Every structure is written in structure tokens, then in C-alpha cells.
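Mind having a look at this structure? Questions to follow.
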Amino acid sequence: MPNKHFIMNKSIIAAAFAAIVCMSCSENRTNPLLEESKLPYGAVEFDKIQSTDYMPAFEEGLRQLKANIDAIAACADAPTFENTIEPLESCDRLFGNVGSIFYNLMETDADDIMHETEEKAIPMENEANSYVFMNEAIFKRIKELYDNIDNIGLNVEQKEVLKKYYRRFVTGGALLDEKDKTRFVEIKNRMGELRIKFANNNLDESNAYVLNVTDINRLKGLPQDQLEAAAARAKEKGLEGWAFNVQKPCWIPFLQFCQDRDLREQMYKAYYTRGNNNNEFDNKAIIKETLQLRLELANLLGYETFADYMLEDRMAKTPQAAYDLLMEIWKYAVPQAKRERDEMQKIIDAEGGKFKLAAWDWWYYAEKLRKQKYDLDESQLTPYFSLDNVRKGSFMVAETLFGIKFKKVDNLPVYNPSVETWECLDADGSHLAYFYTDCFVRATKRQGAWMTNFTGQYNYAGNSQRPTIVNVCNFSVPTDTLPCLLSIDDARTVFHEFGHALHGMLTQCHYPTVSGTATPNDYVEMCSQIMEHWAIDPTILKQYAFHYKTGEPIPDNLIEKMQNAGHFNTGFETVELVGAALLDMEYHMLKDYSSFDDQKFEDEISAKLGMIPEIEYRYRGTFFNHIFNNDYCAGYYSYLWAEVLDCDAFQCFKEEGLLNKETGMRYRRNILEKGSSDDLMKLYRQFRGHDPETAAMLRNRGLIK
Ligand SMILES: [Zn+2]
């Protein structure tokens with residue numbers, strides 16, 4: 001995932017500002033964060049920054065931001081894009097720039113001073129956001145511009161930027177009268193409380209659950225490592241025997257391997273009834289109140305439903321568009337899941353089990369089916385996926401398609417010795433971006449993989465800046481004898497994050513608000529996920545997946561096995577995922593919750609959709625953290641929407657040539673360079689020639705031939 005952070009997205013280096021000497025330093029040293037970088041293209045001077053530099057820089061940044069905002073608000077001239085929006089775009093240059101560096105490093109190399117700084121910096125950021133978006137004088141200027149949006153000579157990108165500012169203010173309550181404003185704040189506060197309660201209930205109930213087994217005979221089938229972990233867990237809790245919980249690393253292997261059906265049923269039910277046991281951790285009342293408040297909020301802001309409010313600025317635009325797409329996938333997913341169920345029933349019957357497959361049997365028999373039909377020995381694959389080769393493969397694809405070049409750079413300062421740096425050059429040799437890779441696991445680094453900006457891109461009011469992008473991963477550290485070898489999932493991750501990086505590096509927007517990856521959730525993952533298709537395409541694999549010792553390309557039979565394994569259990573996975581997305585959308589499309597009863601509601605939706613009883617929504621409402629404790633409410637569909645886009649876009653390359661430069665350049669010009677500076681569907685159509693279609697995604701998931 002790219003980092004989605006308002007201030008960070010707008011981060012810009014302090015190019016236009018004169019250097020400011022750090023007043024708090026008694027020594028003869030200036031704070032490098034307060035000075036313009038002396039490196040080419042404003043690259044960050046990591047070799048000079050000390051942890052103590054951040055707080056004074058945040059303070060100075062906030063001071064400048066406030067002064068800038070005051071100046072815009074006090075402007076006596078009639079509002080124009082140039083005297084209102086452009087200065088807003090740069091009001092947080094210093095503050096945003098410091099934040100970009102700081103929050104990136106918080107994830108990878110934080111020390112005690114930085115942790116202390118973060119505690120103070122987060123409220124400062126809230127303060128900064130309020131200072132901008134609660135400012136009535138500024139809203140008045142924006143509204144005047146917005147009301148005349150078509151008559152003030154704005155280009156397409158400027159209109160998009162203006163619309164985003166206007167929405168941000170309006171959804172913050174700027175248009176409400178005093179009475180409604182008070183209620184608006186009350187709703188927001190109460191929603192915040194409910195969110196925390198929901199999350200705590202989830203956590204507490206999950207933590208409270210333990211399945212304690214004292215008879216080893218009942219644990220037949222479980223792998224040794226799972227048994228050992230369970231014994232250690234029991235000991236820790238002062239219990240005899242073995243203890244199991246509902247955390248995924250324990251719960252999934254248990255359902256996959258434990259032969260005892262009754263125990264599987266217990267574990268299954270414990271997981272799916274979280275927050276729904278009518279005890280002190282029950283979330284049903286919280287769900288109802290949350291939904292009621294969300295609707296009230298949406299109504300206050302002039303929307304019919306909460307889903308309408310949430311989707312307005314997404315690519316999908318309307319709940320119906322998202323819903324229709326989900327139903328299109330659903331139509332094919334359910335029959336596929338039924339075929340999988342029937343195949344598993346055959347195994348049960350052949351084994352002489354006289355029962356019908358139940359929901360808690362699915363993982364167990366799916367695992368048997370996988371061994372029979374899809375078995376893939378990962379250790380045979382990894383020698384073909386050294387990090388070096390995978391990276392070369394990703395560069396090769398991008399260089400061929402987009403007419404760019406990656407050049408290793410050895411003289412840029414880095415924040416950790418294991419970070420590598422590259423320069424991304426355009427066909428004519430001009431500089432496009434710096435690209436940093438931070439690949440290896442270390443104690444201070446958060447888990448996972450991500451892309452972020454150290455410096456952003458902009459080009460307006462006579463100032464311009466090219467971006468600096470970083471990809472962070474957590475791969476094993478190479479040794480003297482063994483290079484870093486990746487699993488196929490890791491190889492896909494390299495391509496995925498590199499896709500986000502390209503989106504950040506090739507952007508040619510003017511304004512930070514719409515530049516690079518500053519795009520909605522249902523769009524941004526297209527640019528990353530599409531790269532994964534190249535990672536596993538047979539003809540591309542032959543061009544980069546070489547054995548690290550022999551240099552031999554990956555053999556055909558391994559490629560075939562890989563592809564085959566990709567179609568395992570996809571009916572199940574699609575049904576549980578699309579089911580959850582539909583449930584989320586249904587929750588937020590209602591116009592009245594007065595007689596809402598969560599269990600009744602979920603059952604009704606299941607009946608309406610034709611959910612098969614052997615599969616449960618990936619998340620039931622009472623533990624659906626994405627939507628009741630996160631910003632994915634009415635947004636869980638985004639994953640599937642973006643997947644339709646990436647499959648359909650890749651289909652275009654399949655039709656015109658996987659490494660066809662013309663297609664690549666069309667993708668670059670319409671997608672990678674544009675950020676969200678234009679209507680996203682229009683941009684997509686310009687690239688693809690038509691609206692996105694679901695066929696490629698359905699085929700990719702093995703749901704149609
Ligand atoms: Zn991503």
C-alpha cells in the first residue's frame with residue numbers, strides 16, 4: 001500500500017523558502033531540515049539529519065503553515081485560483097516535507113527521540129489540518145471559486161484540485177448552520193468513541209478465547225510446529241496440554257489439519273461469532289448506533305445514504321456502480337464455489353465419511369484437494385527468484401514499456417546502510433525521479449511492504465520538483481554464501497510496490513493534491529497490482545527468473561505448476577471476499593435503521609444473495625474491523641474494483657503485446673502520469689479504448705474459461 005496521508009501526500013520540499021537557521025541550536029550548526037537541500041533534485045540529506053532536528057522543524061513548519069494560511073485568509077483581492085488554491089497547495093511545504101521524512105523513518109529506523117517526537121507531532125498535525133480546513137474565511141474564497149468553476153478559465157486539473165478542496169471543507173461541515181455544526185461535531189465524537197469500543201471488544205473477545213485440549217489423540221493431523229506453539233501457549237496460560245486461539249496463524253492451520261471434526265467446529269464458531277455472543281464484548285448495539293450516526297451525518301451533508309457520501313469522490317462514484325460490479329463477479333463465483341464443494345464432498349464420500357461437508361470442514365478438505373491437484377513445492381521455486389533477478393525483471397518490464405532507464409547511483413546519502421539508490425531517467429536522459437529500495441528485515445522496521453514519497457512532485461507558479469520514492473520490504477538478509485531468495489509471493493510484492501513507485505515517479509501533474517499516488521482507494525491499487533501480472537507471466541518469467549547458481553531459466557513444468565496452483569480454491573476465496581464487500585455496501589445503502597437488527601439483516605442479505613451455507617462472509621458485521629474501525633466503510637469493494645481494473649488493463653497488453661512500447665506509453669501518458677488530475681474513468685477509457693470489463697478478472701481467478 002502507498003501511504004495515504006493528507007499532509008504527506010502534499011509534501012513538498014522547501015524550495016521556495018529561504019533557508020532558516022535553527023534558533024534553538026547553540027552550536028554553530030544549522031538544522032538541515034530547515035535548509036534547502038544542496039543535493040541534486042532536492043534529494044534528502046540523510047547524512048546530516050539528527051533525530052533531534054525533527055521537533056524544531058515541525059514547530060517551524062507549523063508556524064509557517066499558520067502564517068501562510070493567515071495571509072491567504074487576509075487577502076483583500078477577489079479570490080482567484082492563483083491567490084487562493086495555489087498558496088494553499090504550498091502552505092505546508094516545510095511541515096509536509098519534514099513529515100514525509102519523519103514518518104517514513106518512523107516505520108523503519110525510529111529511535112527513542114523519534115518516538116517522543118511522534119507523540120508531540122501527531123497533535124500538531126491535527127492542529128495543522130484544523131487550521132486549514134476549519135478556516136471560514138478561506139472556505140468563503142473557495143466557495144466563490146467553486147460556484148463559478150466553469151467560468152473562471154480553469155483547466156481540467158485545476159478544476160479537480162478545486163473540487164477536492166471544496167469537498168474537503170464541505171464534508172468537514174463548512175456549509176452547516178450553527179445548530180447542525182454542533183450536532184455534526186457530536187456525531188463525529190460519538191463515532192470516534194464507538195470505533196474504539198468496537199475495536200476493543202474485538203480484541204478482548206479474541207484474546208479471551210482459548211481452546212484447551214489435553215488429549216493429544218484429538219489433535220491428530222496437526223503439524224509439529226503448530227503443536228509446539230500450542231504447548232507453549234498453554235504453558236504461558238498455566239494450562240495443561242495444548243492451547244489454541246482464533247488468531248489467523250493458529251486458527252487457519254488448525255482448520256486445515258486437525259482431524260477432529262468437533263474441535264474444528266468449535267474453533268470455527270469461536271471465530272465467526274466474535275462480537276456476537278450477547279456478552280460484555282457484544283458489538284451488535286455498536287453496529288446499529290454507528291450505522292444510524294453515519295446516516296445522520298450523510299443526511300446532514302446532503303446525501304441520501306452514507307454510501308452515496310463515501311463514494312462520491314471514488315472512481316466508482318455511486319454505490320450502485322460498485323454494487324453492480326460486485327454482483328457481476330458474484331454471479332460466477334458462487335457456481336465455482338459449489339463445484340469446489342462438490343469435489344470435496346467426493347473426497348469425504350470416498351473416505352467413507354457419512355456426513356455432508358460443513359463450513360468448518362472446508363479448509364480441511366481444501367487442503368487435501370490442494371495436495372492432490374495443486375501441490376507446489378515452494379522450495380523448488382525460490383532459487384529462481386533472487387532479489388537481484390526479480391528487481392532486474394521489474395526494471396526490464398518498466399524500461400521496455402515506458403521508455404525509461406534505471407541507473408544505479410552510489411553517491412546519495414541514505415538513512416540506513418542497506419538502502420540502495422537509483423535514478424529514473426526518461427528516454428532523452430532527463431531526470432524523472434530518485435528511487436530508493438530498502439529491502440531487508442531489521443529490528444526497527446515495521447512488518448510488510450510499502451511505497452512512500454520522501455519528496456513529492458509539483459510544477460506550478462514557477463516552481464517545480466521531481467519526486468523521491470522509496471520501496472520498503474522485509475526480505476531476509478543475504479549472507480556471504482546465499483543471496484536473498486524470494487518466494488513467489490515475495491517476487492510479486494517486489495513488482496507490486498514497484499508499480500506504486502512508478503505511479504509516484506512518472507507523475508507529470510502540476511499540483512500536489514492530485515499528483516502521483518494521491519488517488520482514491522478503488523483506483524490506486526490498479527497501478528501496483530497490474531505489475532504482478534508481469535511477475536508471473538510465463539514469457540516474462542523466462543526473461544528474469546534465472547537460477548541463482550546455474551543461471552538456467554525457470555523450467556516450463558515449474559511455471560505450469562505455479563499457474564495451476566493459482567486456481568486453487570478461488571471460488572471459496574471470491575465468495576467470501578465479494579460477500580463481505582456486498583455486506584458492507586448493503587449496510588451503508590439503507591435509508592432507515594430504526595428497526596435494524598444485525599443478525600436478521602445479515603441473514604436476509606445472505607438469502608437475497610444466495611450465499612451458500614458452507615461459506616461465511618470473510619468478515620461478519622460484529623468483527624468487520626475494516627468498516628467499523630477503519631476507513632474502509634462502504635469501501636471494502638475497492639479491492640475487487642481495482643482488481644477488475646488491473647486485470648482488464650493487463651488484458652490490453654495481452655492483446656497488443658506484453659512488452660509493446662506503444663501500449664506502454666499509452667498507459668504511461670494516461671494513467672501513470674496523471675495522478676487524479678482528471679476524471680479517472682475518462683483516463684482509463686483513454687488508455688483502454690473502452691470501459692473496464694470483468695471478463696479478464698474472472699478468467700484470472702479461474703471463474704470462467
Ligand atoms: Zn498496494
Side-chain angles (χ1 to χ4, degrees), residues 1-6 8-9 100 103-104 107-108 314-316 387 390-391 393-395 397-398 402 424 433 435-439 445-454 456-457 467-475 486-507 514-536 566 573 577 580-581 618 625-626 630-632 635-650 667-668 671-676 680 683-684 692 697 700-701:
M1 291 286 289
N3 239 325
K4 308 284 280 179
H5 197 277
F6 169 65
M8 282 176 68
N9 271 338
S100 286
Y103 289 110
N104 275 314
E107 306 283 9
T108 59
R314 303 289 160 81
M315 186 182 180
L387 174 61
V390 173
R391 183 155 50 204
S394 65
F395 283 179
V397 170
F402 309 132
C424 178
F435 179 47
Y436 295 19
T437 58
D438 177 356
C439 294
K445 200 191 271 186
R446 171 165 74 85
Q447 285 188 355
W450 59 91
M451 161 273 183
T452 44
N453 287 49
F454 276 118
Q457 180 267 335
T468 300
I469 306 291
V470 60
N471 272 175
V472 185
C473 301
N474 271 286
F475 302 139
L486 305 180
S487 69
I488 187 67
D489 279 351
D490 289 343
R492 290 176 75 146
T493 300
V494 170
F495 275 75
H496 179 108
E497 298 308 333
F498 184 58
H500 285 311
L502 288 167
H503 202 183
M505 288 188 280
L506 299 187
T507 187
V514 293
S515 166
T517 57
T519 59
N521 283 341
D522 59 0
Y523 182 82
V524 75
E525 294 298 321
M526 165 177 69
C527 298
S528 50
Q529 287 169 190
I530 192 173
M531 292 304 292
E532 295 183 50
H533 293 276
W534 276 283
I536 55 166
E573 282 171 12
L577 190 66
R618 180 173 291 186
N625 258 304
H626 290 83
N630 219 309
D631 293 329
Y632 268 84
Y636 197 67
Y637 80 92
S638 302
Y639 296 107
L640 290 145
W641 182 280
E643 190 180 327
V644 167
L645 292 178
D646 74 66
C647 291
D648 188 59
F650 187 68
Y667 182 78
R668 176 179 167 183
I671 309 285
L672 293 175
E673 291 185 352
K674 290 285 198 249
S676 53
L680 298 172
L683 290 174
Y684 186 82
M697 183 264 204
N700 198 47
R701 280 183 171 255

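None of the values given here were measured: they were computed from a predicted structure. Just so you know, ligand 1 is whichever comes first in the structure, and atom 1 is the first atom listed for that ligand.
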*Under the ring-ring contact (aromatic ring centres under 6.0 Å, His included) test, residues paired with F475 that sit two or more places apart*: none

_Tell me the angle that NE2 of H500 and NE2 of H496 form around the Zn ion (ligand 1), rounded to 10°._
100°

*Parallel, tilted or perpendicular: which fits the ring planes of Y436 and F454, with parallel below 30° and perpendicular above 60°?*
tilted

*asked:* With side-chain contact (heavy atoms from CB on, under 4.5 Å) as the test, pick out the partner of M526 among W641, F650, Y684.
replied: Y684

_Taking 2.8 Å as the cut-off, does E497 contribute an N, O or S atom near the Zn ion (ligand 1), distance below it?_
no

*By side chain to side chain donor-acceptor pair (under 3.5 Å), which residues pair with H503, not counting sequence neighbours?*
none

*Could you tell me which N, O or S atom of E525 is nearest to the Zn ion (ligand 1)?*
OE1

